[in-house]
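Below is one structure, written out as structure tokens, with a few remarks after it.
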Amino acid sequence: MNKLGIVISKEYLTRVKNKKFIITTLLTPLGFLVFFIVIFLLMSNESDKQYSVYISDQSNTNINMPDDSKRFKFIKSTESLDSLKSKCKKGDADAILVLPNFRGPEVKNYTAYYHSDKTLDIEMEAKLSKYLETSLRQYKMQILSLDKDQIEKVDTKISIDPEPISDTSSNRTEYTSKIATLLGGAMGYIIVFIIFLYGAGVMRSVTEEKINRIVEVVISSVSSTELMLGKIIGVGLVGLTQILIWMVLIPVVYMIGISIVGINQNDLQNISANIPADQLSKAEEIQFVIQEMMNLNWYKILTVFIIYFLGGYFIYAAMFAAIGAAIGDDINDSQSLTMFVSIPILLGMYAMFSCIREPDSGLAFFGSIFPLWSPIVMPAMIPFDVPWWHLGLSIIILFAFAYFVIFIAGRIFRTGILMYGKKATAKELFKWMFSKQ
Amino acid sequence: MNYLLELDNVFKEYSNLIAVNQISFKVPPSCIFGLLGPNGAGKTSLIRIITGITRPDRGVVKFNVNSNNNSSLIGYMPEERGLYKKMNVGEQLVYLCRLKGLSRDQAHQSVQKWLDKFEIQSWWNKKVEELSKGMSQKVQFIATVAHNPKLIILDEPFSGLDPINTNLIKDVIHELKNSGASILFSTHRMEQVEEMCEEIVLINKGKNVLSGPVKEIRQSHRENLFKIETQNPIDIQENPEIQIIEQHENFITVRLREGQSSNEILNYLIMMGNPILAFNEVLPTFNDIFIKTVNSESHE
């Protein structure tokens with residue numbers, strides 16, 4: 001095995017065999033599981049106590065009572081507000097909803113009053129406003145002698161279906177751009193997350209070796225470029241391993257979670273069976289979205305994702321490695337130097353957002369070509385059908401730039417790694433780029 | 001003579017100083033060779049050039065050994081020791097050997113052999129952070145020699161070692177020398193130079209200021225001083241025959257005058273009737289030579 005291979009395998013194996021790696025890799029999906037269960041329990045946990053809400057109806061609309069539920073019980077009352085309040089004070093009631101006079105169908109805004117010493121929680125508020133909205137709508141329809149069917153005929157559901165003009169573009173539906181936006185954003189985020197997580201890992205590894213002083217022994221055996229590349233590739237492979245394990249574990253854990261909290265497939269089917277007839281379009285919509293996702297060119301999307309992941313990781317990990325070599329004996333020195341990396345990444349994320357909003361804008365084009373941003377922007381753009389020449393140009397620039405960054409970082413690395421004492425200034429870093437060995 | 005390592009006019013300049021200025025010397029095979037110099041003289045810069053970590057601006061570093069890989073010829077123990085703290089002793093020694101070109105099996109065997117030699121086989125699975133300073137020093141030494149280098153560069157190899165381990169390492173250094181390796185030995189401890197080194201080079205401010213075999217250097221720095229021990233207290237006054245440098249009850253140190261031989265002094269003392277127990281020439285210590293040479297260079 002050549003020396004680069006030996007460095008890669010050492011960097012990879014010492015990390016993968018480390019207890020910390022094993023624990024975080026296994027615990028992260030378990031963390032998701034716990035999170036999932038806790039959220040589920042919190043949401044499904046209705047408190048045992050049933051709230052009794054008195055409704056003092058002075059609206060003169062002959063309104064119906066809302067349905068009782070496990071949490072709420074509604075009682076219509078004609079008693080005065082004061083006597084209801086004293087009931088509340090005694091503990092016989094929890095809240096009073098006062099519906100003031102409803103002047104007529106021309107009223108656009110209506111305020112009801114909720115008297116209670118307890119907080120009006122979101123669920124209660126939602127339930128009450130929904131109830132009043134439907135009841136008053138019915139009342140207005142009645143007064144105005146409107147037919148329910150007629151009203152429904154007035155509403156028109158609109159969708160705008162994009163159709164290509166040239167033959168080469170694939171046909172799209174209104175869902176394509178929604179899916180593209182979500183998918184693109186998610187891929188951009190994942191790349192940023194990976195770059196920060198594992199790039200910082202490379203930096204830590206370099207700094208540790210420098211502070212340890214073992215680097216002096218190591219680079220009398222391997223060239224500094226081999227050492228730097230070995231670290232970048234080794235840590236990158238650790239990242240890939242972790243991601244692959246999670247890709248398998250998270251769905252497994254998710255299934256386990258579902259079985260623990262007791263949702264089974266039948267329940268899910270029942271839920272869809274229970275969708276009322278007038279909302280059937282929703283179910284169709286979901287099916288449509290799934291269909292649309294299947295229609296996406298996943299081979300292209302995933303290939304592009306991996307290419308930009310590699311390019312972006314190499315560029316930023318090399319920058320992190322150079323920073324790791326440039327800092328002094330104190331690992332906390334890294335903070336001011338890491339802004340050289342974090343600022344372009346954050347700007348790249350802004351560029352990504354604007355390009356998702358407007359994929360044909362000039363900024364989007366620039367962001368997808370500019371190699372510090374393209375690893376974040378291009379994966380976000382790819383679900384929106386990027387022409388091949390554009391993609392090719394971006395990839396060529398990306399890898400040419402990655403080569404350049406590795407070259408420059410290697411020069412900073414080989415000088416910085418042997419400098420002890422204080423951290424390097426930006427001016428010194430610049431000088432090292434052009435210094436002789 | 002076929003030298004192992006030859007440096008010819010090696011020159012290295014950093015942005016604001018000349019670290020190594022036209023240094024030439026030759027290290028024979030099977031030799032303990034001292035690389036001496038005050039702090040900041042350029043020793044580390046020179047060692048980094050020899051190990052190939054940096055390149056000289058001018059001049060040649062030549063190994064007279066058939067090898068396509070110079071790094072495998074050299075074992076280097078820097079003064080600032082360092083090991084991977086979180087890694088097992090065994091694994092990291094194997095890793096460092098493999099970087100020097102040994103196969104996994106060869107590296108395994110050699111590391112095992114050295115751990116046996118130091119009777120520390122049980123450390124294989126220990127992490128370096130669990131070891132004491134002296135213990136990790138031994139591991140560091142093994143990391144330097146386990147790939148059978150031809151040239152072993154040791155920078156202050158005994159710092160932090162107790163007398164027992166110092167002797168152990170000294171013995172091993174002599175064994176390595178006898179088996180054909182050369183040791184380039186950098187230290188500030190001049191008594192160790194006298195004791196161990198056969199040849200030295202002394203550099204100051206990047207320049208070679210003194211070099212050659214240790215015995216010859218001491219001879220050439222002799223100041224014609226003799227120390228005499230007598231049975232009874234010496235009662236002697238300054239006189240034209242004898243120049244006294246130092247006088248105690250039973251000892252005196254004298255310096256020969258121009259043209260005077262040691263026998264003349266001895267005869268003079270015998271004539272005084274005080275039985276003489278010892279008569280030795282006092283050669284300058286390396287400490288003296290070091291200080292004198294460096295100071296005179298610095299004042300130039």
Side-chain angles (χ1 to χ4, degrees), chain A residues 1-21 204-227 230-231 234 329 331 411 413-421 424 427-428 430-432 434-437, chain B residues 12-16 44-45 47-58 69-88 91-104 107 127-129 136 139-144 146-147 149 151 153 155:
Chain A
M1 205 190 294
N2 65 16
K3 289 182 180 177
L4 179 62
I6 296 172
V7 177
I8 293 173
S9 81
K10 180 254 163 189
E11 292 291 331
Y12 179 79
L13 289 176
T14 46
R15 276 182 180 69
V16 171
K17 283 197 277 184
N18 189 319
K19 276 190 209 119
K20 233 194 279 172
F21 172 84
R204 219 174 15 255
S205 159
V206 171
T207 314
E208 270 170 15
E209 248 172 61
K210 179 176 173 179
I211 290 177
N212 257 348
R213 302 291 198 256
I214 191 159
V215 71
E216 186 123 11
V217 174
V218 175
I219 62 163
S220 68
S221 313
V222 297
S223 75
S224 54
T225 315
E226 282 172 319
L227 179 63
K231 282 182 179 299
D329 286 347
I331 200 154
R411 295 191 137 225
F413 183 86
R414 75 174 187 206
T415 309
I417 200 114
L418 292 171
M419 296 279 179
Y420 299 122
K427 195 177 141 199
E428 280 172 310
F430 191 72
K431 221 160 69 184
W432 292 351
F434 305 103
S435 71
K436 59 199 175 183
Q437 195 173 4
Chain B
K12 175 82 181 173
E13 186 177 15
Y14 289 107
S15 52
N16 46 4
T44 304
S45 299
I47 290 175
R48 282 180 180 169
I49 290 172
I50 297 172
T51 52
I53 293 175
T54 53
R55 261 182 248 134
D57 300 341
R58 292 198 294 275
N69 181 5
N70 277 355
S71 92
S72 69
L73 294 175
I74 304 174
Y76 173 34
M77 178 156 97
E79 183 180 5
E80 299 269 13
R81 313 278 194 258
L83 293 165
Y84 295 102
K85 292 198 171 65
K86 307 263 175 211
M87 230 173 146
N88 291 345
E91 269 176 40
Q92 83 175 288
L93 288 175
V94 168
Y95 170 63
L96 293 171
C97 278
R98 290 181 68 203
L99 286 185
K100 291 287 188 184
L102 265 59
S103 73
R104 187 189 290 275
K127 286 198 173 138
V128 170
E129 60 188 358
S136 55
V139 176
Q140 189 98 45
F141 186 82
I142 296 176
T144 312
H147 61 284
L151 179 68
I153 302 174
D155 201 346

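Naming: A, B, ... by sequence-line order, numbering from 1 per chain.
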> Which bit of A:Glu226 is near chain B, if near means a heavy-atom gap under 4.5 Å: side chain, backbone, both or neither?
Replying inline: neither

> Counting heavy-atom pairs under 4.5 Å to chain A, which of B:Thr51, B:Leu83, B:Ile74 comes out on top?
Replying inline: B:Leu83

> Considering all heavy atoms of both residues, which atom of B:Leu93 and which atom of B:Val139 are nearest to each other, and what is their separation?
Replying inline: CD2-O, 3.7 Å

>> I'd like to know if A:Glu208 and B:Lys86 make a salt bridge, using a cut-off of under 4.0 Å between side-chain N and carboxylate O.
In response: no

>> Side chains of B:Tyr84 and B:Glu91 only: does a donor on one sit below 3.5 Å from an acceptor on the other?
In response: no

> In terms of heavy-atom pairs under 4.5 Å, which option from A:Lys17, A:Glu209, A:Glu216 contacts chain B the most?
Replying inline: A:Glu216

> So what's closer than 4.5 Å to chain B heavy atoms on A:Leu418: side chain, backbone, both or neither?
Replying inline: both

> How far does CD1 of A:Ile214 sit from OH of B:Tyr95, to the nearest 0.5 angstrom?
Replying inline: 8.0 Å

> Rounded to the nearest 0.5 Å, what separation is found between the OG1 atom of B:Thr44 and the CD1 atom of B:Ile49?
Replying inline: 11.0 Å

>> With a 4.5 angstrom heavy-atom cut-off, is it the side chain or the backbone of A:Val215 that approaches chain B, or both, or neither?
In response: neither

> For B:Lys85, is it the side chain, the backbone, both or neither that has a heavy atom under 4.5 Å from a heavy atom of chain A?
Replying inline: both

> Is it the backbone or the side chain of B:Arg81 that comes under 4.5 Å from a heavy atom of chain A, or both, or neither?
Replying inline: backbone

> By a 4.5 Å heavy-atom criterion (distance strictly below it), what part of A:Ser220 contacts chain B: side chain, backbone, both, or neither?
Replying inline: both

>> Ignoring hydrogens, what is the shortest heavy-atom contact between B:His147 and B:Cys97? Give both atom names and the distance.
In response: N-SG, 4.1 Å

